[in-house]
Amino acid sequence: MSLLVVGLSHRSAPVSVLDRASLSMDAQTKLLQDTVAAEPAAEAAVLATCNRIELYADVDKFHAGVAELSTLLAQHSGVGLEELTPHLYVHYEDRAVHHLFSVACGLDSMVVGEGQVLGQIKDSLARAQTLHTAGRLMNDLFQQALRVGKRAHSETGIDRAGQSLVTFGLEQLALGAPVETWAQGKKALVIGAGSMSSLAAATLARTGVREIVVANRTADRADRLVEILTEGDDTDVPVRAVPMGSVPFELTRADVVVSCTGATGLVLTAEAIAAGVEGRAGAQPGTGRGELPDAAVRGGVPEARTAALPPVGIGTDEDCPLDLASVPPGFSVMGEAAVAGMDASTLEQHAAWAAGGAVDRRQAGRRGADADGADQVDAELIGALAATAASVGRIPERRRPEPVAEPPRPEPVLYLLDLAMPRDVDAAAHRLAGVRLVDIEALAEASADAPMAADVDQVRRIVSDEVAAFGAAQRAAHITPTVVALRTMAADVVAGEIARLESRLPGLDDKHRAEITQTVRRVVDKLLHAPTVRVKQLAAEPGGAGYADALRTLFDLDPETVASVSRAEESTEKSAKNATIANIAENRGPA
């Protein structure tokens with residue numbers, strides 16, 4: 001076995017790199033095909049999840065394999081090799097097996113113990129089998145990984161060590177409140193109809209939301225998800241499907257949005273989210289469905305209507321020459337702290353602006369003569385500072401500014417959970433008033449300090465035991481063709497000697513001939529039994545790969561005979577492959 005894995009994940013790369021390196025289904029297919037076509041690799045599989053991209057391959061050369069797999073990942077991800085290389089990790093042979101088993105058990109997940117990765121491993125194996133890039137090693141490895149993952153979840157409490165990304169994300173949106181309490185009566189919009197979106201919709205239904213709307217580019221998949229949710233016996237939440245073109249309108253009536261699509265670009269821009277927040281009052285109260293009158297519809301797509309909600313962006317003072325985005329929190333745009341360090345020309349512009357009667361919003365409560373007097377003082381101060389700056393170029397800040405209270409950020413009216421990689425929701429939504437966004441990056445930060453359950457240690461022991469057993473089985477399987485070839489050679493020797501005996505004793509009756517034949521075979525079997533059993537045991541131990549070569553040398557076995565046995569085994573495996581694919585497809589649940 002020469003198993004090699006090259007990949008990157010949330011542990012090795014920032015979200016921005018993972019975002020750009022994500023692979024579409026077509027890209028994964030091409031990557032698999034190009035990998036097995038490359039010289040070092042005989043078979044391959046790709047594991048692509050929302051927070052990892054890994055390429056597994058059976059290679060005949062380690063260094064050449066690492067170079068080739070890294071290059072292929074860079075080519076198909078669209079991220080340059082020089083940029084991608086610092087974030088890549090490499091595991092080989094037993095360490096590669098250990099890594100995949102840990103992934104299957106949820107030990108390497110962003111949220112420890114989550115079980116969704118098992119469905120993604122199933123999908124990876126099925127894809128490799130369909131494309132015929134999975135041979136004996138990939139089939140054995142991924143099938144065993146699924147068994148190890150199921151064992152970890154059934155024999156330990158690893159599920160208690162963390163929650164699924166959906167549940168964990170909803171908990172982050174709820175800000176410590178029970179999810180069921182927080183979700184009660186809310187209207188939910190789920191964008192996408194894949195495995196993660198399906199899980200999100202089912203989870204929302206169980207939390208007690210008032211309504212679920214599913215938007216997807218393919219109407220059939222959205223309708224199918226609605227059908228599944230409607231037929232479920234555990235909830236009675238109304239569910240309906242809408243086209244993607246209706247998302248702008250649905251944003252005006254949704255309280256919580258979960259998005260997880262395979263789109264390569266943004267699905268929800270900051271502008272669309274801001275329009276959805278501002279147009280929330282356009283929904284007709286009391287209808288339970290929020291329809292807009294016909295006048296609000298243009299081209300078949302409902303338009304958001306504006307309402308007097310808190311501003312969704314950061315305001316700027318009209319005609320103020322300052323770049324307010326660069327002003328630190330707590331600094332008054334009218335005071336000395338804001339202008340310290342400016343050049344003379346900018347100071348003069350600021351003085352003219354201040355003298356013109358502009359009023360700092362954070363001091364807008366001031367009224368009457370006090371406010372006018374304060375403006376005059378500010379203008380004089382700024383004028384003096386401008387004169388100083390004219391002679392020295394720039395002036396340092398003279399004193400620590402008095403902190404100015406920031407207006408409280410309004411309570412969220414729209415909650416966004418982005419579980420896609422690359423991201424579906426514009427990161428600029430974090431700055432919008434009335435919006436709370438939790439994305440993959442935020443989940444990574446929130447889960448970094450999550451307590452590890454005691455069951456994690458037990459799962460680690462399971463993984464270690466299973467890795468040792470898998471390695472032993474693979475090493476033992478490696479010597480099996482040699483043992484079969486040895487026994488075949490022994491059977492040929494027995495057959496030749498019996499034929500020679502018959503030529504010398506033509507009058508030998510059938511009874512005696514059968515007895516002699518059976519006796520010779522028993523002698524050969526007894527002589528070979530102990531050596532073949534022992535060589536299998538020795539081959540299963542670390543470093544036991546050389547015993548097959550020793551056996552071939554000692555008994556002068558024909559290499560072609562050994563190779564023919566291997567080809568026969570591969571032919572049998574191919575015959576069973578279709579049954580395996582059908583079984584996986586039948587048992588595949590939501591990822």
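One-based numbering along the sequence shown. For clarity, every value in this text was computed on a predicted model and none was experimentally measured. Just so you know, these numbers use all the heavy atoms, side chains as well, and skip hydrogens, waters and symmetry mates.
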- Task: Can you run down the ring pair (Phe, Tyr, Trp, His ring centres under 6.0 Å) pairs that involve residues 250-280, sequence neighbours left out, and say none if there aren't any?
- Result: none

- Item | Side chain to side chain, R206 and T203, heavy atoms closer than 4.5 Å | yes

- Answer yes or no: is there a donor N or O on one side and an acceptor on the other, between the side chain of S197 and the main chain of C260, under 3.5 Å? yes

- Task: Give the C-alpha distance, both sets of side-chain angles, the deciding distance and a yes or no for side-chain contact (heavy atoms from CB on, under 4.5 Å) between V103 and T49.
- Result: CA-CA 11 Å; V103 170; T49 72; over 6 Å; no

- Message: Going by the rule side chain to side chain donor-acceptor pair (under 3.5 Å), which residues pair with R217 if we only count those two or more places apart in sequence or in a different chain?
- Response: none

- R52 with D108: basic N within carboxylate O range, under 4.0 Å: yes

- Query: Tell me, do L32 and R127 make a side-chain contact under 4.5 Å, heavy atoms counted?
  - Reply: yes

- Task: Using salt bridge (Lys or Arg N to Asp or Glu O under 4.0 Å) as the criterion, list what pairs up with D19, not counting sequence neighbours.
- Result: R423

- Query: For R436, what residues pass the salt bridge (Lys or Arg N to Asp or Glu O under 4.0 Å) criterion, not counting sequence neighbours?
  - Reply: none

- Task: Flag the pair K186 and E211 as a salt bridge only when some basic side-chain nitrogen lies within less than 4.0 angstrom of an acidic carboxylate oxygen.
- Result: no

- Do I191 and V258 touch side chain to side chain, with heavy atoms closer than 4.5 Å? no

- Message: Using modelled atom types and a 3.5 Å cut-off, is there a donor and acceptor pairing between side-chain atoms of T156 and backbone atoms of I158?
- Response: yes

- Message: Assess whether a salt bridge exists between R280 and D255, defined as any Lys/Arg side-chain N lying under 4.0 Å from an Asp/Glu carboxylate O.
- Response: yes

- Results of ring pair (Phe, Tyr, Trp, His ring centres under 6.0 Å) for H76 - residues two or more places apart only: none

- Message: Under a 3.5 Å distance rule, please check whether T252 uses its side chain to pair with a backbone N or O of P248 as donor and acceptor.
- Response: no

- Task: Using the side-chain contact (heavy atoms from CB on, under 4.5 Å) rule, take S198 and L225 through it: C-alpha gap first, then chi angles, then the decisive distance, then the call.
- Result: CA-CA 7 Å; S198 299; L225 177 54; 3.6 Å; yes

- Nearest heavy-atom pair of L204 and A188: which atoms, and what distance? CD1-CB, 3.8 Å

- Under 3.5 Å, is there a donor-acceptor pair between the side chain of N216 and the main chain of A219? no

- Item | side chain to side chain contact (heavy atoms under 4.5 Å, CB included) partner of W182, chosen from V256, L175, T207, V209 | V256

- Query: Any donor-acceptor pair under 3.5 Å linking the side chain of S12 with the backbone of L8?
  - Reply: no

- Test salt bridge (Lys or Arg N to Asp or Glu O under 4.0 Å) applied to D424 - qualifying residues, sequence neighbours left out: none

- Task: Could you tell me whether the side chain of S124 and the main chain of V46 form a donor-acceptor pair under 3.5 Å?
- Result: yes

- Please name the pair of heavy atoms, one in A272 and one in L251, separated by the smallest distance, quoted to 0.1 Å. O-CD1, 3.8 Å

